[in-house]
Amino acid sequence: LSLRRAAGGVRAVTSPPRLIRWVGCKARLAPWIADRLPPRAGVYCEPFAGSAAVAFELLARGVAREVVLGDLNDDVASFLRSVRDCPEAVDEAMRQSRWTSDPSCYGYVRDLDPFELAPVKRAARFLYLNRLAYNGLYRVNRSGRFNAPPGDRLGAPACADLPAMREASELLRGVVIWSGDYGQTLRVAHELARGDRVAPVCYLDPPYDQAFDAYTAEGWDRSATWRLADTVRELTARRWRVAASNAATPCTLTLFGWGRTCATTLRHRVGGRSGRIPLVRELLATNYDRRWRARPEWAKIPWQGRLLP
């Protein structure tokens, strides 16, 4: 049992909930990552929310006064907002839909246009597909249409975990959830942090270098990783405290290795090939010292662009 401090006092919450399967999900690594993030922040920002495992861990610990989550995948952001605002309605939408777990129903639900659905119905569709898609894979084509094939869970009940959604809703109360690219999410956090004496904390968990990147129609390539590294240097110059996860490859070690780095090894089951669980060397790079202060002088290469006003 952990405690979260809120405006009404201290309330107890159970271990952070896990709502969805997600490629690169940090559910098993969340405590390890949270232990290496600053223990106090005015504003905490996570622009690549995904399953929001690290955010849930920090929310349960009560680390920040304001929390901003964002994701370029609009289905993810919409789902998190619906869980925050009305978990019972999402559960009811799942029940009333009467979607079965056979292949024909899966194809029907997959072909629904999420932008034509009410928010809770859209959340129910997202959850249904997440439960039954191959290895929990979220994949879209260049038109932005979900096209992941069904997995081996067809035939199993596709229902919502209402207790987990209620717990997530409690943790997400008051959290800003933004749908857009990481630059937009960072600008929202920047506005919230104006006047704060405590520097913002940002955790970045982008698509990994040389890994699956079809979460959105735009994709993510190595040039995007380079641009993100430039953003990290800008945030460092502004004394934001930043931690970034990625695969430990020569590229990422070059781009982020100027800060403090640590690594661990983990097998990622979700999204892996059948019968084969990939082993990934996880890198966590941070720009702050042991007293949780950002160190701009560590970034030997000056930042080139300008993301924040």
Side-chain angles (χ1 to χ4, degrees), residues 1-7 10-71 73 76-77 79-81 83-84 87 130 136 161 163-178 182 185-186 189 192 198-208 240-246 260-270 280 282-288 292:
L1 194 70
S2 57
L3 297 177
R4 182 186 175 197
R5 189 171 300 277
V10 177
R11 63 177 180 271
V13 295
T14 57
S15 58
R18 183 173 180 179
L19 297 176
I20 57 174
R21 301 188 293 167
W22 200 250
V23 175
C25 175
K26 295 297 185 292
R28 284 179 290 165
L29 279 180
W32 182 82
I33 293 170
D35 287 344
R36 287 157 179 79
L37 294 176
R40 178 170 170 260
V43 174
Y44 169 77
C45 178
E46 192 173 325
F48 300 91
S51 65
V54 174
F56 282 133
E57 179 72 29
L58 294 175
L59 285 165
R61 297 185 184 196
V63 167
R65 170 182 53 81
E66 299 277 0
V67 176
V68 181
L69 303 181
D71 206 288
N73 186 316
V76 172
F79 171 74
L80 290 174
R81 283 193 295 266
V83 169
R84 178 195 63 191
N130 182 261
D161 185 346
M165 289 199 298
R166 282 173 171 161
E167 187 176 353
S169 177
E170 178 75 6
L171 290 171
L172 290 171
R173 187 189 307 168
V175 171
V176 176
I177 302 173
W178 190 261
Y182 68 86
T185 305
L186 288 171
L192 286 175
V198 180
V201 173
C202 179
Y203 172 61
L204 301 170
D205 185 25
Y208 278 12
W240 281 47
R241 295 169 294 171
V242 181
S245 287
N246 217 305
R260 293 174 63 200
T261 60
C262 53
T264 188
T265 303
L266 188 70
R267 291 190 182 275
H268 283 294
R269 181 178 298 273
V270 177
V280 178
E282 299 265 356
L283 172 73
L284 183 69
T286 58
N287 71 343
Y288 41 81
W292 312 111

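Every value quoted in this text rests on a predicted model; they were computed, and no experiment measured them.
Closest of all the heavy-atom pairs between Leu192 and Val176 is CD1-CG2, 4.3 Å. In terms of heavy-atom proximity, Val83 sits nearest to Ala168 at CG1-CB, 3.8 Å. Counting all heavy atoms, side chain and backbone alike, Ala53 lies closest to Ala30 at O-CB, 3.8 Å. Between Cys202 and Leu186, the shortest heavy-atom distance links the atoms SG-CD2, 3.7 Å. In this structure, Phe56 and Pro17 approach most closely via the heavy-atom pair CD1-O, 3.7 Å.
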N/O donor to acceptor pairs below 3.5 angstrom from side-chain atoms of residues 33-50, sequence neighbours left out:
| residue | atom | partner | partner atom | Å |
| --- | --- | --- | --- | --- |
| Asp35 | OD1 | Arg61 | NH1 | 2.9 |
| Asp35 | OD1 | Arg61 | NH2 | 3.0 |
| Arg36 | NH1 | Trp32 | O | 2.8 |
| Tyr44 | OH | Glu46 | OE1 | 2.7 |
| Glu46 | OE1 | Ala55 | N | 3.3 |

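Distance check, rounded to the nearest 0.5 Å: CD1 of Ile177 to CG of Asp71 gives 11.0 Å. Taking CG of Leu80 as the reference point, atom CG of Leu19 lies at 7.0 Å (rounded to 0.5 Å). Atoms CG and CH2, from Asn73 and Trp22 in turn, are 4.5 Å apart once rounded to the nearest 0.5 Å. Atom CG in Leu69 sits 7.0 Å away from atom CG in Leu59 (nearest 0.5 Å). To the nearest 0.5 angstrom, Asp205 atom CG is 8.0 Å from Glu282 atom CD. Between the NZ atom of Lys26 and the OG atom of Ser51 there is a distance of 8.0 Å, given to the nearest 0.5 Å.
Residues forming a side-chain contact (heavy atoms from CB on, under 4.5 Å) with Ala285 (at least two apart in sequence, or on another chain): Phe256, Thr261. Qualifying salt bridge (charged side-chain N to carboxylate O under 4.0 Å, His left out) partners for Arg81, counting only residues two or more places apart in sequence or in other chains: none. The ring pair (Phe, Tyr, Trp, His ring centres under 6.0 Å) check on Phe79 picks up Phe126, with sequence neighbours excluded. The side chain to side chain donor-acceptor pair (under 3.5 Å) test applied to Arg260 returns no partner, not counting sequence neighbours. Under the side chain to side chain donor-acceptor pair (under 3.5 Å) criterion, Ser245 pairs with Tyr203, sequence neighbours left out. By the side chain to side chain donor-acceptor pair (under 3.5 Å) test, Asn246 is found to be paired with no residue, residues two or more places apart in sequence or in another chain being considered.
Judged by distance alone, the side chain of Arg21 and the main-chain N or O of Asn130 form a donor-acceptor pair under 3.5 Å.
Arg241 places a side-chain heavy atom less than 4.5 Å from the side chain of Val198.
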